[in-house]
A.B. asks: 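Pasting a structure here, questions to come.
Every heavy atom of this structure was used, including side-chain atoms; hydrogens, water molecules and symmetry mates were not. The structure presented is a predicted model; accordingly, all values stated were derived computationally and were not measured.
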Amino acid sequence: MIAMLIRRLIQAVLVMLVVAFISFSLFQFVGDPINNMVGQEASQQDRAELRERLGLNDPIPIQFFRFVGNAVKGEFGISYRMARPVSEVIAERLPATLELALISGVLAISLGIGLGVYTALRRDGWLSHFIMSSSLIGVSLPTFLIGILLIYLFSVELQWLPSFGRGETVQITENWSTGLLTVSGWKSLILPAITLGLFQLTLLMRLVRAEMLEVLRTDYIKFARARGIKQRSIHFHHALKNTLLPVITIAGLQLGSIIAFAIITETVFQWPGVGLLFINAIRFVDIPFMSAYLLLIALVFVVINLIVDLLYFAVDPRLRATKRSAGR
Amino acid sequence: MTQALLSVRDLVVEFPKRKTRLTALDKVSFDIHPGEILGMVGESGAGKSLTGAAIIGLLEPPGHIASGEIWLKDQRIDQLPYDQMRRLRGKRIAMIFQDPLTSLNPILTIANQLIETIQTHLPLNDKEARARAIQLLDEVGIPAASKRIDDYPHQFSGGMRQRVVIALALAGEPELIIADEPTTALDVSVQAQIIDVLKRMCHVHKTAVMLVTHDMGVIAEACDRVAVMYAGRIAEIGEVRQIVKQPQHPYTQGLMGSIPSITERVERLTQIPGSMPRLDAIPTGCAFNPRCTQKIDRCTEDRPDLIATDQGQVSCWLYEGDKP
Ligand SMILES: Nc1ncnc2c1ncn2[C@@H]1O[C@H](COP(=O)(O)OP(=O)(O)OP(=O)(O)O)[C@@H](O)[C@H]1O
Ligand code: SF4
Ligand SMILES: [Mg+2]
């Protein structure tokens, strides 16, 4: 158990180092950082001085380690575009993205599992058929189109919900402002959360359904039926846990992609999160911001992967035993 | 003779297909008496497993009972509503499947599976149910049962898992166990042990068994009577000794041809020239007639019913008018 944890942690650190190297390379290959920092009229000498001061003349490995050291401390330099520390800007915008991702994640996972189980158990019901057919829409329509359709229907036609922004926010701590404490905050959250979560929801639902049907065909379910175990227990005690095992990984990855793909939803709804900033950063070739964002997303995936591994470990007894006996 | 525990009468099981329907079991009739072990043999696809599934009410749709009756003592059970049939499963009729590796739920402990089964059928509290579970495991020969009970299935060997399966099947004290090739998936070295356990447990608990197997050695050793199936029909039923020594149906004679004596264990049923017809190509008359060396004119026209002879029952025109 401890050994496994350590191995996973080492893997995670390696992954982060690789991503850090890519982020770092951005500085080297995309444009000249000096050009981006000083104006046109700076003299050749000014440039050389600045170059020296920023340590850009040091050997690459040294520069890289300095970059990693700074990143660990949360320092990513000054945003070219906003002329403020990148870490500060991100900290300011991150709550919006996290709240959006959290709500759509909860939506996708709870409804995905619930509807998946329902459609598997009532395979021939009309409601199941209806859910399955409409889920095709969720899988096939691109996110931005779903967002635009929702805006058209609920904001433009019905005028029930706002089409952009976060609504009123409440400052909880210095860095954390939340929209979850106001009515307008929730109202603003509904459409983006649905837009962002719909694809993951339908994907999860179809996965859970397929997995559940598979499990219901297994010998141990047949044997449980042959022992007269109650239908309810067969479905929710014997079958569901086995169904959810393989779903854990996918659900974890989905959560990661929800945060990563928030970019599109945030753009459609002008949601003031980091994704929206990233789009703008690309437009301005704001390298410090882009490299920080890249690292942030990688960190999210790595952390989620770690949690998934731990969950597996907690849920699947076979894993515990093989790890134990194999001494891994 | 005492009242039969289980009576299957003219059981027909069909699978609707696009245009036609396949008749997988065709007028199957037999009895199982209390405490008796009835062997069930026949080539692959003869309908042995389907017979078991029909009895316990777990035919997989679209398969269904098209006609016939199944009686458990005085109760007709082939038309019971779902929940009534569920209560009966495990309590009065239990079933054991072929593969012990896949029969147990991998993520539930043995205790969890056993105790739930016990409490489904018997009014015991947690503590009593657990004590009974340990006792059952002990009876089927799991060493250190009180410790092993909290283990997961993967922590047991194949043979041990099949013992656990037997304990699970017996948990509700059923009157009949349908054991569908309970040893086929196991190591040869443990097959005999498992049959022993099954035999002993059923003797102690006075449980009747319908034992499906391909192993004539097992039949000879464990069973009281044996039913031979062919193409969804019963070819012959009788005392094991009679059938081994003096088979009546030409198909059974072919099967037994290679068996010198019942004391000598014989591996598998030998093949008779030709093969069993597919369900959509069963010939009219006697289903065995294309392979039969003794057939008479009548065999290709009329289907023989089970005829009682002084040795048992046989469905073959050669014994027509032989009635005792
Ligand atoms: N879903 C189905 N649709 C059509 N035919 C089926 C279906 N399930 C089973 N059958 C047919 O029913 C027949 C009997 O099958 P069964 O499983 O009872 O054979 P068996 O005697 O148990 O054979 P084995 O020794 O291989 O276990 C077979 O011919 C099989 O093809
Ligand atoms: S009925 Fe005819 S074909 Fe069938 S087994 Fe008897 S003799 Fe052979
Ligand atoms: Mg079978």
A.B. asks: Would B:Glu60 and A:Arg217 pass as an ion pair if we require N to O under 4.0 Å?
C.D. replies: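 Looking at A:Arg217 together with B:Glu60, the answer is no, because their closest N to O distance does not fall below 4.0 Å.
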A.B. asks: Verify the distance criterion only: is there a donor paired with an acceptor across the side chains of A:His238 and B:Glu116 at less than 3.5 Å?
C.D. replies: yes
A.B. asks: Between B:Ile96, B:Asp83, B:Leu58, who has the most heavy-atom pairs with chain A when the cutoff is under 4.5 Å?
C.D. replies: B:Leu58
A.B. asks: Of the non-hydrogen atoms in A:Ala226 and B:Met95, which two are nearest, and what is the gap between them?
C.D. replies: CB-CB, 3.9 Å
A.B. asks: What's the shortest heavy-atom distance between B:Pro106 and A:Pro317, and which atoms?
C.D. replies: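 Smallest interatomic distance, heavy atoms only, reads O-CG, 3.6 Å.
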A.B. asks: Answer yes or no: does atom NE2 of B:His203 have more than 12 heavy-atom neighbours from other residues, nucleotides or ligands under 6.0 Å?
C.D. replies: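 No, NE2 of B:His203 has 12 or fewer neighbouring heavy atoms, counting only those of other groups under 6.0 Å.
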A.B. asks: Please flag which part of B:Ile107 lies under 4.5 Å from any non-hydrogen atom of chain A: side chain, backbone, both or neither.
C.D. replies: both
A.B. asks: Got more than 12 heavy atoms from elsewhere within 6.0 Å of CZ, B:Arg132?
C.D. replies: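 Check passes, neighbour count above 12.
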A.B. asks: Please check if the side chain of A:Asp219 supplies one atom and the backbone of B:Thr102 the other of a donor-acceptor pair under 3.5 Å.
C.D. replies: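 The answer is no, because no donor-acceptor pair under 3.5 Å joins these two groups.
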A.B. asks: Evaluate whether atom CD of B:Glu128 has more than 12 neighbouring non-hydrogen atoms of other residues, nucleotides or ligands under 6.0 angstrom away.
C.D. replies: yes
A.B. asks: Please determine whether side chain to side chain contact (heavy atoms under 4.5 Å, CB included) holds for the pair A:Phe223 and B:Ser103, giving the CA-CA distance in whole Å, both sets of side-chain angles, and the decisive distance to 0.1 Å.
C.D. replies: CA-CA 6 Å; A:Phe223 187 39; B:Ser103 289; 4.2 Å; yes
A.B. asks: Can you establish whether the number of heavy atoms outside B:Arg200 located under 6.0 Å from its atom CZ is more than 12?
C.D. replies: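 Count over threshold, so yes.
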A.B. asks: State, without any angle test, whether A:Gln231 and B:Tyr82 hold a side-chain donor-acceptor pair at a distance under 3.5 Å.
C.D. replies: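 Yes, a side-chain donor-acceptor pair sits under 3.5 Å.
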A.B. asks: At a heavy-atom distance under 4.5 Å, which candidate from B:Thr117, B:Asn105, B:Thr120, B:Thr109 has the highest pair count against chain A?
C.D. replies: B:Asn105
A.B. asks: Is it the case that the side chain of B:His121 and the backbone of A:Arg227 share a donor-acceptor pair, with hydrogens and angles ignored and the cut-off at 3.5 Å?
C.D. replies: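 Checked: pair present.
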A.B. asks: Please check if atom OH in A:Tyr118 has more than 12 non-hydrogen atoms from other residues, nucleotides or ligands closer than 6.0 Å.
C.D. replies: yes
A.B. asks: Looking at B:Ile93, B:Ile56, B:Leu88, B:Leu108, which makes the most heavy-atom pairs under 4.5 Å with chain A?
C.D. replies: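 Result: the option with the highest number of such pairs is B:Leu108.
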A.B. asks: Side chains of A:His237 and B:Asn112 only: does a donor on one sit below 3.5 Å from an acceptor on the other?
C.D. replies: yes
